[in-house]
Amino acid sequence: MTVTSAKGEVRVFRDLGELSRAAADFFCDVAAKAGRGGGEIFIALSGGSTPERLYETLSTQEYHDRVPWMRTHLFWSDERCVPPDHPDSNYGRAAAALAGLPISPLNVHRMRGEDPPEEAAREYEAEMREAFKILPSDVPRFDLMLLGLGEDGHTGSLFPGTSALEDTTDLATSVYVEKLKSHRLTLTFPVINNSGNVVFLVSGEKKRDIFRRVMEDESANLPAQRVRPTNGKLVWFVDEAVMGR
Ligand code: 6PG
């Protein structure tokens, strides 16, 4: 079932499995369209646990030929400040789930969580500019931006009450998140909102209240509510548990 609102399109699925297959189809359609005519494809992957099923689905044989993987650039919408082989690494978890796909290692652009945070954010900004071949004043336009929704309304590593929310000059930034007692790396709203397609993946009863607040409580001013593509599509892939069914 699909509902369209000012907050974008909401597609409701029976469970995480069905949601992930539908998201894999959406991923392939966006990639095929962006890659038409031999162009490069730019996708930012989400961290957290919800997208892992999608990544595993994409790595099945059925999806190998549906995406021009060799022309696909993979970035991340955020990262924890840990090395790539750390169990909390968003890069590490996605790379493991996507293993076997014919993606060029040159097109895998991970945030260097092991480096000093601000240095890593600057490095990532430079890497984005180089890969997108854009001028210093330009903002990269991802074909697809995958995001999750935290129970406090954060998305990427844009947490309530943090300085990263107001960063409109950098493409990527580092932020100290008091409640996590740790730094995070994240793409900023100007990049997220410049995407052609922004997809939230939200699953499970735990997300019911926050999803309702994001959709209904204008005064909440939650980070996820500030995701409004300026010239792109916003789609929520949610399961029935989120909708309270
Ligand atoms: C991260 C994420 C974060 C995540 C939400 C939802 O690094 O943690 O990028 O924004 O998407 O916290 O996480 P779950 O999917 O695990 O519920």
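Whatever order the structure lists them in is the order used to number ligands and atoms, beginning at 1. On a predicted model such as this, the values are computed, not experimentally measured, just so you know.
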**Report entry** Asp239 and Ser203 side chains, donor-acceptor separation under 3.5 Å
**Finding:**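 Their side chains do contain a donor-acceptor pair, which is all the 3.5 Å distance test asks for.
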
Where is the nearest protein heavy atom to [atom]: which residue, which atom, and how far?
atom	result
atom 11 (O) of ligand 1	Gly148 CA, 3.3 Å
atom 5 (C) of ligand 1	His154 NE2, 3.5 Å
atom 10 (O) of ligand 1	Gly156 O, 2.6 Å
atom 6 (C) of ligand 1	Leu149 O, 3.6 Å
atom 9 (O) of ligand 1	Asp78 OD1, 2.6 Å
atom 15 (O) of ligand 1	Thr50 OG1, 2.6 Å
atom 13 (O) of ligand 1	Gly48 CA, 3.9 Å

Number the atoms of ligand 1 from 1 as they appear, then name those within less than 4.0 Å of a heavy atom of [X], with their elements.
X	result
Asn90	1 (C), 7 (O)
Ser46	11 (O)
Arg184	1 (C), 7 (O), 8 (O)
Arg80	1 (C), 7 (O), 8 (O)

Hey, what's the ring geometry for [X] with [Y], parallel, tilted or perpendicular (30° and 60° as the breaks)?
X	Y	value
Trp236	Phe211	perpendicular
Phe142	Phe42	perpendicular
His109	His73	parallel

Query raised in the report: Which residues pass the side-chain contact (heavy atoms from CB on, under 4.5 Å) test with Arg141, sequence neighbours left out?
Result: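 Arg141 satisfies side-chain contact (heavy atoms from CB on, under 4.5 Å) with Asn194, Asn231 once adjacent residues are dropped.
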
Requested in this report: Check Lys207 against ligand 1 and report side chain, backbone, both or neither, counting heavy atoms closer than 4.0 Å.
Outcome: side chain

Requested in this report: Could you pull out all residues at least two apart from Glu178 that satisfy side chain to side chain donor-acceptor pair (under 3.5 Å)?
Outcome: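 Here the qualifying residues are Lys181.
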
Query raised in the report: What is the distance from atom CZ of Phe189 to atom CG of Asp170, rounded to the nearest 0.5 Å?
Result: 14.0 Å

Query raised in the report: So do the side chains of Leu234 and Phe200 get within less than 4.5 Å of each other, counting heavy atoms only?
Result: yes

